[in-house]
Structures are given as structure tokens and as C-alpha cells.
Amino acid sequence: MSWTRETRYRHYREMTEAEEQELLEKVSKSIWRQKFHIQPPYGLLNDPNGFTFYQGKYHLFYQWFPFGPVHGMKHWYHVESEDLIHWEEKGVGIAPEYDHESHGIFSGSGIVKADLLYLFYTANKRDQDWNRVSSQSFAVMDKQGRFTKQEEPVIPKQPEGYTANFRDPKVWKNGNTFYMIIGAERENHTGCALLYKSADLLNWSFQGELKTDFEQFGYMWECPDIFQIEGNDVLILSPQGLEPEGDSYHNVHNSGCFIGHFDKEKYYFQSNAFQELDAGFDFYAPQTTQAPDGRQILVGWMGLPDTSYPADKDMWSNCLTIPRELQIKNNKIYQVPVKEMIKKRGALTTWQGNLDGEERALDNFLGAVYELNGDMTVEDGIAGLKLRTGKEEETLFYLDTKRQKIVLDRTNSGVPTAVDYGTVRQTSCTDNKISLRIFMDTSSVEIFVNEGEFVFTSRIFPQEESKGIKLFAEDTAASFALNKWDYTS
Ligand code: FRU
């Protein structure tokens, strides 16, 4: 299929039954469909949007282009859940209707007011010369799940001094005032975020640029999100255009956070360090919401902009991460799989033992969909796990105590993905004993190290029969204590 402007900018309602059947058939033959991650029925998924708890349920939307595995006319696809684990597909929530959103409903967020869920989004339009025109608008969802769109945008365009790359409103309430933060690009092509204020969610006044100590930090800030965790202010961003630095920022674009203090009078976010959120290959545009019990829960897009994936040939692309609870320890962000995940645990297998300069296949540990927990101690050298092993395939995850690195290597994971950006990721770790929680799904792996201190999130595209798990200790002694639970979908 060749993609042109005409085929990329089609509304979902234009899809014929025959087209849908063809898409469903292609998707049903895909060997990489996920078992416990949110994925599109067909077409392309990107950012999580409108993540909120409303009327006893978590509501989550994602950016969706229905017609194939490319970025085109975006809709918001709606899923809901009572427990963050079992998600029910509700279909399209918000679709383009008006001229100012003729080229898609871009990312945004949700907030509950007076029994209604307000869903703020960026209305994306291309004019006759294909110049972008961005405005901010909203739709309201009521208790019955009906959506009503606002006809006119509440913020019709960007302020002076900024380009039309002005998107991804995140709204929150402080006292009686609502605030909105929007990702933006200055006319000098540097990234920043802009702040607005409102008393009623309808009338918004521009407050200025969010001041930070990171004035020159990428060319465009996407998907900003501000919230508090135990008295700390946190600002999450997906800045585009960061150059690789040491082990950081090796993907086409990367996401991270500032932890510090947000001065609401001066609109100054004080923090001296940007912490990359993920050490793996495929993680972008995360969004958080607060659960009724106070936990701040994050979901990310397990994919990247400007990147094609092997499952594209089956007419679907990308999925979301599992939900993670954010915590702060020693001024560092931690991501912990939400406690509800244990509900997925089925049959348990355990293994405990030592290796010394050898490799061992764990014969009773086969699988493609599971949670693998445990500890690993490496005396002095390289030791770790080989996951999804097959005749020629393996995904390596190991500790290298001599170099003090934790490494994820997808060089031989299966069908190659985004190899121009390298096939190995690593991060510094001075421990020689680490704890692990590995969430393996048909075509992804999420590895949480040391209770969420480091996370490696990656798509992998192995053959169906690559289900082995091996342990190895190259030039050292190492000990492992592992529990594996099969997951049901
Ligand atoms: C991030 C992003 C957002 C935008 C959306 C469009 O991946 O580029 O900035 O709103 O995707 O799909």
C-alpha cells in the first residue's frame, strides 16, 4: 500500500466494511499480537491520552490512525478498566468533525468537573499550503459515555513568538484554578512549555512560558505533564532533538522528567537534572493520572515517532506499556509495575542455583507471555539471561560488573527494528546484585531493575517458537533465584 495525503487523511467513518474485514484478517494472522498490553484492533497506535479515573473506572484513550501502520488522521480510541489490568475496548471516543481539526485530534488530557469528564486535545489542521495550524479544544464525556464536542477551540492559536508546533494540553486543578501546560516550539526552534490559567475550563488566559534552567533543550517539547509525588513537583516531557550523551538519549526521541519545585507565582520549575525515564528502545510520550488512592500512575507509548516496526506488514502498529506507579527515592524517579499486575499471575515455576563460566537452558521455563521475577548476583564479570531464545534468536539482558553496566541487547531478538539507532542499550549500575521483574509479552519486554530504579522497555519481534530462557555466566560465578508466572490474557 502506498500512502499519500489522500489515504492518510481519511476519517474513520469512511472505512468500508470490506476494508475493515481486510484489516482484521491481516491482523488476525500476525504472530506478534500482544496478550496483555493495550494494542489497536488495526492501524497505528501512538500516545496515551485523557488518562483519568471517572465514575468508578479508569478511562484511557490513545492516538489512533485506523487505516494502517502510518501516522495520518488521528482519532482518540477509548478503553476503560476498573483495575488497570483488564481493559474493555469502547471504540472511537473523539473523531475530527470541524474545520480547525480537519487533520486530526492530537494528544491531550482529561479532567473531571461537575460529574463530567473534560477531554482537552490539540486540534490539528493543515492549510492549503500544508502549513500546520494548531488550536486547543475539548470534548465532554458524560456518565453514559456520550461525547459532546466543543465547536470552537478554547485557545485558537499559539501566542506571538512560537510556531504552530503547539500541542498536547495537560490540565490540572490547584485550589479553585485550572492550569494547562502545552508543549511548544519557540520561533528560534528551541523547545519549551506554555502555561494557561482558567476559572471554568472554558476561558483560558495565557500566563507565559514555563521558566526552567533548561532553555536550550531540544527543538520541541511534546506531551508535558506536571504533578506532585509526596511533596515533590515533577515535570515529565518528551523533548525532541536531544543528542546522545553517555548512555542516554540513544533513541530517535526520548522522554524524561525533572524533579524539583514548581513556583506557581513565578511559573518557574526549579530542577537541575533531567532524568531519562527509560533505558530501553521503545518508550515515548508517557502520561500520568492520579488513582483514587493517591498513586500517580504512568502509561507510555511503547513505540517511537518516525520509526517503522516489523508488525506494520500485518497492518497494526504499536502498543502501550503496562501501567506503572511512580515513586521518588533519593530524588530519583522510580517506576514500579502497578500492584494489580499480580492478578495476571497463573502457573508458577521456580529456579535457584549457581553458574560458573557456563550457560544453562532452563527447560521447565519456556514461554512467550509471562512475568519473571528474581535476584541475580554476579561475582566479577558478565552474567545474565537470554530470553525468547530459539534456533538463532535471543534477547540478552545482563550485568557487566567490570564495566558497571546493565545491558539489554536485541541484536538477535528476531526481525530487526530501528537498527540505525543501534541494537544495544545500557545504563550504569554499581551493584553486583540486582533484583528483576521482567514482563514478557508476544512482542515486547519490560524489565524493571531494583524495584523500578531502572526500566528497559522494548519491542522485540521473534518467531513464535522462540520461547526458551537461558542463564549464562561468561567469565565469572553468578547466582540466580527466579520465579516465573505464566500470564493469561
Ligand atoms: C507525540 C505526538 C504529539 C502529538 C501526537 C500526534 O508522539 O507527536 O506531540 O499530539 O503525537 O499523534
Side-chain angles (χ1 to χ4, degrees), residues 3 8-12 40 43-51 60-77 92-96 100-110 119-126 132-139 153 155 158 162-171 180-185 191-194 218-225 236-242 251-256 277-278 281-288 298-309 317-321 418 457 459:
W3 293 99
R8 273 178 199 256
Y9 289 90
R10 288 178 70 201
H11 196 284
Y12 183 48
L44 178 139
L45 164 157
N46 56 304
D47 314 355
N49 295 152
F51 192 15
L60 184 53
F61 300 79
Y62 56 77
Q63 287 281 283
W64 188 44
F65 174 63
F67 291 88
V70 293
H71 293 267
M73 173 95 84
K74 295 293 170 65
H75 301 61
W76 279 30
Y77 193 99
V92 169
I94 312 178
H100 62 275
E101 55 193 33
S102 56
H103 291 70
I105 308 292
F106 273 13
S107 287
S109 59
L119 297 161
F120 284 86
Y121 60 85
T122 298
N124 182 53
K125 174 187 157 112
R126 295 283 190 171
R132 191 188 296 285
V133 184
S134 299
S135 55
Q136 317 304 328
S137 195
F138 71 87
I155 301 175
Q158 73 275 13
Y162 302 91
T163 76
N165 284 318
F166 167 60
R167 55 179 173 264
D168 311 336
K170 172 86 195 208
V171 176
M180 183 190 286
I181 185 167
I182 304 178
E185 179 192 40
C192 63
L194 304 180
Y219 59 79
M220 162 71 194
W221 287 6
E222 295 192 312
C223 304
D225 190 355
I236 285 186
L237 288 180
S238 295
Q240 296 196 293
L242 300 185
N251 301 320
V252 57
H253 298 304
N254 305 275
S255 303
L277 276 166
D278 201 90
F281 295 89
D282 304 289
F283 180 86
Y284 195 65
Q287 186 175 91
T288 70
L298 173 145
V299 170
W301 169 24
M302 213 193 301
L304 292 171
D306 308 322
T307 305
S308 52
Y309 288 88
S317 200
N318 306 322
C319 61
L320 299 181
T321 67
T457 303
R459 299 302 302 283

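First listed ligand is number 1; within each ligand, the first listed atom is number 1.
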Student: Judged by modelled atom types alone, do N49 and Q287 share a side-chain donor-acceptor pair under 3.5 Å?
Tutor: no
Student: Give a yes-or-no answer on whether the side chains of D282 and Y309 include a donor-acceptor pair shorter than 3.5 Å.
Tutor: yes
Student: Given 3.5 Å as the limit, does a donor-acceptor pair link the side chain of T122 with the main chain of N124, or not?
Tutor: no
Student: Quick check: does any side chain N or O of S102 sit under 3.5 Å from a backbone N or O of K125, one acting as donor and the other as acceptor?
Tutor: no
Student: Treating N318 as the side-chain partner and G303 as the backbone partner, does any N or O pair qualify as donor plus acceptor under 3.5 Å?
Tutor: no
Student: Between H253 and L304, which heavy-atom pair has the shortest distance, and what is it?
Tutor: O-CD2, 3.6 Å
Student: What residues come within 4.0 Å of ligand 1, counting heavy atoms only?
Tutor: N46, D47, Q63, K74, F106, S107, R167, D168, E222, Y284, W301
